[in-house]
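This is a predicted model, so every value here is computed, not measured. Chain identifiers are assigned alphabetically (A, B, ...) following the order of the sequence lines, protein sequences preceding nucleic acid strands; residue numbering begins at 1 within each chain.
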Amino acid sequence: MLTKLPSDLFGGALYILQKYGPLFWAGTKTTLLIALTGTIIGLFIGLGVGILRSLPESSMDNKFKTFLIRLVKLVSGIYVEVFRGTPMMVQAMFLFYALRPVFHWTKLVAGMFVVSVNTGAYMAEIVRAGIQSLDKGQNEAARSIGMNNFQTMRHVVLPQAIRNAFPAIGNEFVVNIKDTSVLNVIGVTELYFQTTSVAGITYRVQDTFLVSAIIYLILTYSTTTILKIIERKMNMPVQSGPSSTSTAFLVFGNKREER
Amino acid sequence: MNIIEIEHLSKRFDKLEVLKDISLTIREGEVVSLIGASGSGKSTLLRCVNLLEVYDQGTIRFEGQDIRGNIKGINAYRTHVGMIFQSFNLFNHMSVLENCTIGQTQVLKRPKDEAVKLALSFLTKVGMESFADAPVTKLSGGQKQRVAIARALCMEPRVLLFDEPTSALDPEMVGEVLQVIRSLADEGRTMIIVTHEMDFAKEVSDRVVFMDQGVIVEEGDPALLFTSPTVQRTKDFLSRYLR
């Protein structure tokens, strides 16, 4: 191990990584923890809000039900617009201090909360787009065999909508890995916060942030790669693996066609 | 016995009046074909029967009961009228068998093994039993439509509604689907068929209804209606189809 900080950029970066590795590692773990929980909780918020935002209005409903549906759509619409229309950094500052007297939360929990509600707003739009992009014949077919709203959503619409929206959902996770960096404004000790601390000790801003950039890149690139693999698996048709039925299908499929 | 009674039905999409004071009665066991040019309102009429379209005026009675009388009962009512769509509308994320069992297990609350047994029997009827585990996305149009028919049959409906069942098919696949529909007609099932296949309508129907611009122009025995229509509009329409 080197004992003195080299003067060149890459040498300096390597030295800093070796010497302050534990600090970077701690920051990386926090970043991943917040990004992961924020994305998962955000997905559930997004599912709920996205479904509410695509509730059908029927002229057969009574006035109260119609009113209720419109109210829910209005409120969820405001949520989505506010959280997509303001910077997460501003949301973090505002929510952390505004809600601290209520929740008495730690910075880490506040950070997770902010990323969750912010992601929820984006996920809501992703889910809503996924639902609306589905051919309306799917919905009609479900209705025509007697399924109610809930059954149609649960068994027909959502499985297909989520599958179609999976790339966008995964992308939110990648975005969150990077965007958790703004939580440094409320003092969450994620990767960016740790990087500034190290830079403060070493007085070598470029070298330190080169280390940070490489860590971020490794995180996002490996996540993207994993998501691509999952995507490829999901796009494979149901039961297309080697099985007796799929073989029979291949053998007899064309013959039947010719009748 | 009358199974469906449609009385003074009217429906408009904004300014366009698509159904004007339609009255039509379907008897049990009867096969009725709705023919007419595109935009004549025949598909809309069919979709009103299972409430995929909401009509503005008039009533539809199923076995004597107003189908809109009880909002809660709409889903139960829909299980009695099976619908077959022009574009199949199979559930694309499921296998052939799952398409046929999901309604039975979720809506009718049948036990899984019973649902599978019934589904396989109907898949056999339409000649698709060997595809039970295949994903529906791999099927040809004709195969998809046969599965869609099996899916509708699995709910054991009292009436089958066909909305242009062969219009989205390549010509060489029309025959296999018509063959299945013909066999259902032979079983004495009650069916309403919206179709552009005039020869098929003539052969399979007990009664043919000709619609134009939202009204029923003429209805009657297929042999009579196709050979000697009494109204000029029917003559004009048929002359374009039967040369």
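- The CZ atom of R143(A) sits 14.0 Å away from the CG atom of N89(B) when rounded to the nearest 0.5 Å.
- More than 12 non-hydrogen atoms from other residues, nucleotides or ligands lie less than 6.0 angstrom from CZ of R182(B).
- Under a 3.5 Å cut-off, the side chain of H93(B) and the backbone N or O of H155(A) do form a donor-acceptor pair.
- Only the side chain of D135(A) has a heavy atom closer than 4.5 Å to any heavy atom of chain B.
- Atoms CE and CD1, from M83(B) and I145(A) in turn, are 13.5 Å apart once rounded to the nearest 0.5 Å.
- Within 6.0 Å of CD on Q57(B) lie no more than 12 heavy atoms contributed by other residues, nucleotides or ligands.
- With a 6.0 Å radius and a threshold of 12 heavy atoms from other residues, nucleotides or ligands, Q65(B) has its CD atom at or below the threshold.
- F91(B) touches chain A through backbone and side chain together, each having a heavy atom under 4.5 Å away.
- Counting all heavy atoms, side chain and backbone alike, F85(B) lies closest to S144(A) at CE1-OG, 3.7 Å.
- Atom NZ of K63(A) sits in a sparse spot, with 12 or fewer heavy atoms from other residues, nucleotides or ligands closer than 6.0 Å.
- Enclosure of atom CZ in F13(B) by more than 12 non-hydrogen atoms of other residues, nucleotides or ligands within 6.0 angstrom is indicated.
- Taken from CE in M147(A) to CD1 in I102(B), the straight-line distance is 4.5 Å, to the nearest 0.5 Å.
- At a 4.5 Å heavy-atom cutoff, the contact between Q151(A) and chain B is made by side-chain atoms alone.
- Around the OH atom of Y192(A), the shell of radius 6.0 Å holds no more than 12 heavy atoms that belong to other residues, nucleotides or ligands.
- With a 4.5 Å cut-off on non-hydrogen atoms, V136(B) does not touch chain A at all.
- Per-residue heavy-atom pair counts under 4.5 Å with chain A were compared for L161(B), V81(B), L108(B), L52(B), and the maximum is reached by L52(B).
- The number of heavy-atom neighbours closer than 6.0 Å to CZ of R110(B), taken from other residues, nucleotides and ligands shown, is above 12.
- Heavy atoms closer than 4.5 Å to chain A are found in the backbone of L90(B), but not in its side chain.
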